[in-house]
Amino acid sequence: MKVFCGRANPTTGSVEWLEEDEHYDYHQEIARSSYADMLHDKDRNIKYYQGIRAAVSRVKDRGQKALVLDIGTGTGLLSMMAVTAGADFCYAIEVFKPMAEAAVKIVEKNGFTDKIKIINKHSTEVTVGPDGDMPCRANILITELFDTELIGEGALPSYEHAHRHLVQEKCEAVPHRATVYAQLVESRRMWSWNKLFPVRVHTSCGEQVIVPPSDLERCPGAPSVCDIQLNQVSSADFTILSDVLPMFSVDFSKQVSSSAACHSRQFEPLASGSAQVVLSWWDIEMDPEGKIKCSMAPFWAHSDPEELQWRDHWMQCVYFLPQEEPVVQGSSLHLVAHHDDYCVWYSLQRTSPGKNGRVHPARPVCDCQAHLLWNRPRFGEINDQDRTDQYIQALRTVLKPDSVCLCVSDGSLLSLLAHHLGAEQVFTVESSAASQRLMRKISLLLGEPFFTTSLLPWHNLYFWYVRTAVDQHLGPGAVVMPQTASLHAVVVEFRDLWRIRSPCGDCEGFDVHIMDDMIQRALDFRESKEAEPHPLWEYPCRCLSEPQQILTFDFRQPVPPHLVRAEGSIELRRPGRSHGAVLWMEYHLTPDSTVSTGLLKSAEDKGDCCWNPHCKQAVYFFTTTDPKVPLDGPQTVSYTVEFHPHTGDITMDFSLSDTPDDGH
């Protein structure tokens, strides 16, 4: 059956109705899931297996049957571990129907049908009793309900309900305990993701300073956590102001509460400075003694940095204090972690919350609207003074005293810069319809371009469509900046990111090929032929080829009516594993000034890449080779890339092949 789906096209700005397969959403959910990443997380898998063995043994040593409740079973992996460890029976709960159906097949293929029952419900809907989903309560509780923030996927309410209704009192739990840690730092780089800094503009009248509005200065910022690969943030980008502080723990073997709470830790700052950011992570102990531990700590706080496990399904958290506060070395303070049933946030207080009554029960929310308009990378981009200076230099070359400017970008400073640099009139719009209100011919059309609806690099070609819509308002000799744009590509080897698309096959001795096939079918439905956005500064990779220009777009002319097609090949110049092609846009403001959303400089001899930290690049994963096997001999990557003006889509296909011999 086919269904009609409405879609706002981020490139053309139009609303489209597309005919989709009825299972379209399901395929997207599977294709974009972290199941493969979790199955490749060997540290997680081994620690869970060790913890499960120990829990089953403790129950057996008491002369009891080992009855397991596995909430959020996914592939059924943890239940199969439990049965292998000696559990008598497992009740495995999975609310996502396609995943539950896959788990049934995986359990059957591995020969555990008589010991594992898959229950396709939310855990809060499971019943216990003679006619229920479970005949009696379980005495071992196994879960993997955690996200980067620990509680963001509803772990606390799920545990709370399970202890009240589904498991025995004093049950065994794997994991047994989780502890959240925090460290206070000063970081101009990370603080730039949350606040607007003053912008300096050198004009003919001297230096002008654009100061952010006061309501934005007072705003506590976006309430959601900023989760990143903290190991990729240079230690030079922050100053540590406190030791690592254990903020709170949750014992999963006892009754858990999802009620709001706060936890205070007194500390003495290690250095004087401005407290701006709280870095946070957690670990889980699989056993009551804490001998089996799985830690999300970054390298500088990890007990064994050489054994760090890369993972993308659990990262680290960056929290922004509502306002930066001065701290003095050795002067005692209290860091307070607040949480409700799904979210965590932090505050810094001079005295204990119990003494002054300042508990801050409600989490801070944005009241300036800017944090709703811009995401964290966009804040960082606007605060990048070097980038701003590049636009200022380009503007100086095209501005005239009688320039009438139209700025087309979401929440851009370009209009302010044009004003300070002496333009006669400046208009700024965020949709082409508003351009109809212009009273005079435009002599300068400006764009970064940046639009909040853009996900992939080429979605900002919306600027070109707006330029086409206002063509009749452009005066003779009107200047468009950027003048042109170009799409570039490079073939890369990822250090770790390849794992999210790599089949697992065998996981700790269990056959999960069915899960691999399920993911591949979902990818083949559409996603395998599409690029996906990733902030590659967080995911190290090596360039195996030189960057290559694929397509060009001339903003000085309207969008062409015909398809634009590019075919060619990219030669691999460095040995390695070709995991995919990375694509990005470059905007040529003037003939002498280019802004790149991808590579910022040529790759070094070994191919190490330096990516724009404010932008996401597009990754097209190759599926024709085993990502774990190095390739021998010269290789080329052939490509076909098409720009479809009617829809604004860019479609592509890449294929890996041996380099043909000379003369062929």
Side-chain angles (χ1 to χ4, degrees), residues 31-44 147-148 189-190 193 225-235 237 279 281 296-300 302 305 308-318 375-377 380-381 455-457 488-504 519 523 527-528 530-545 547 574 576-585 596-604 606-623 625 627-628 630 654:
R32 298 174 182 178
S33 70
S34 296
Y35 290 121
D37 181 30
M38 289 187 284
L39 293 176
H40 280 292
D41 189 341
K42 194 165 185 64
D43 178 61
R44 162 194 176 270
D147 65 350
T148 294
R189 179 185 180 187
M190 286 184 268
W193 302 341
V225 66
C226 177
D227 54 342
I228 66 171
Q229 294 283 357
L230 202 51
N231 289 315
Q232 299 308 314
V233 177
S234 169
S235 56
D237 283 331
L279 308 180
W281 56 89
M296 306 308 119
F299 68 88
W300 68 85
H302 203 281
L308 271 177
Q309 168 75 52
W310 182 89
R311 47 175 68 93
D312 206 43
H313 59 107
W314 295 331
M315 294 185 280
Q316 294 81 36
C317 302
V318 174
N375 58 21
R376 270 80 180 234
E381 190 171 50
L455 297 176
L456 293 166
H488 296 252
V490 67
V491 178
V492 302
E493 174 188 49
F494 287 111
R495 190 171 74 188
D496 297 297
L497 190 62
W498 60 270
R499 300 173 194 273
I500 69 172
R501 282 294 188 91
S502 176
C504 186
I519 293 174
L523 290 169
E527 305 266 340
S528 64
E530 293 182 351
E532 57 188 61
H534 290 281
L536 292 187
W537 73 269
E538 295 187 53
Y539 304 100
C541 59
R542 293 174 54 244
C543 293
L544 302 185
S545 71
R574 298 180 182 90
R577 298 168 294 178
S578 302
H579 292 143
V582 177
L583 299 99
W584 68 94
M585 296 290 288
S596 172
T597 67
L599 283 177
L600 296 182
K601 59 183 180 180
S602 299
E604 300 173 356
K606 294 183 179 180
D608 293 337
C609 305
C610 178
W611 299 103
N612 186 321
H614 310 308
C615 305
K616 289 184 178 181
Q617 293 73 39
V619 179
Y620 182 101
F621 286 99
F622 299 156
T623 58
T625 58
K628 302 176 186 177
F654 290 84

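Quick note: residue numbers are just sequence positions, from 1. The model shown is predicted, which means the values in this text are computed figures rather than measured ones.
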Validation row: P377, K616 side chains within 4.5 angstrom (heavy atoms): no
Grab the two heavy atoms, one from L455 and one from P533, that are nearest each other, plus how far apart they are. O-CB, 3.6 Å
Just by distance, no angles: are the side chains of N231 and Q316 close enough, under 3.5 Å, to form a donor-acceptor pair? no
Could you please spell out the steps behind the side-chain contact (heavy atoms from CB on, under 4.5 Å) verdict for R376 and I228? CA-CA 11 Å; R376 270 80 180 234; I228 66 171; over 6 Å; no
Of the non-hydrogen atoms in W584 and P547, which two are nearest, and what is the gap between them? CH2-CB, 4.0 Å
If I compare all heavy atoms of Q617 with all of W611, which pair ends up nearest, and what's the gap? CG-CE3, 3.8 Å
Step by step, would you call V225 with V318 a side-chain contact (heavy atoms from CB on, under 4.5 Å)? CA-CA 6 Å; V225 66; V318 174; over 6 Å; no
To the nearest 0.5 angstrom, please state how far the CD atom of Q232 sits from the CD atom of E538. 8.0 Å
So M38 and R44, side-chain contact (heavy atoms from CB on, under 4.5 Å) or not? Walk me through it. CA-CA 8 Å; M38 289 187 284; R44 162 194 176 270; 4.1 Å; yes
In sequence, state the C-alpha distance, the side-chain angles, and the governing distance for V491 and Y620, and then conclude on side-chain contact (heavy atoms from CB on, under 4.5 Å). CA-CA 9 Å; V491 178; Y620 182 101; over 6 Å; no
Gap separating the CG atom of L583 from the NE2 atom of H488, nearest 0.5 angstrom: 10.5 Å
Considering all heavy atoms, the nearest L497-W310 contact: CA-CH2, 4.0 Å
For H40 and S502, indicate whether the former's side chain and the latter's backbone hold a donor-acceptor pair under 3.5 Å. yes
Using the ring of each side chain (for Trp, its six-membered ring), is H579 parallel, tilted or perpendicular to F494, with breaks at 30° and 60°? parallel
When rounded to the nearest 0.5 Å, the distance separating NZ of K42 from CZ of R499 is 11.0 Å
So among D37, T148, D43, D496, which one has a side-chain hydrogen bond (donor to acceptor under 3.5 Å, both in side chains) with R311? D43
Are the side chains of W300 and S235 in contact, using a 4.5 Å heavy-atom criterion? no
Quick one: closest heavy-atom pair of F622 and S578, and the distance? CD1-O, 3.5 Å
Spatial distance of atom SG (C609) from atom CG (L536) [nearest 0.5 Å]: 8.0 Å
Could you report the tightest heavy-atom contact between D312 and M315, atom names first, then the distance? OD1-SD, 3.5 Å
Give a yes or no answer on whether the side chain of D41 reaches the backbone of Q309 with a donor-acceptor pair at less than 3.5 Å. no
Is the F621 ring parallel, tilted or perpendicular to the H534 ring (thresholds 30°, 60°)? perpendicular
Are any of the side-chain heavy atoms of R542 and V492 separated by less than 4.5 Å? no
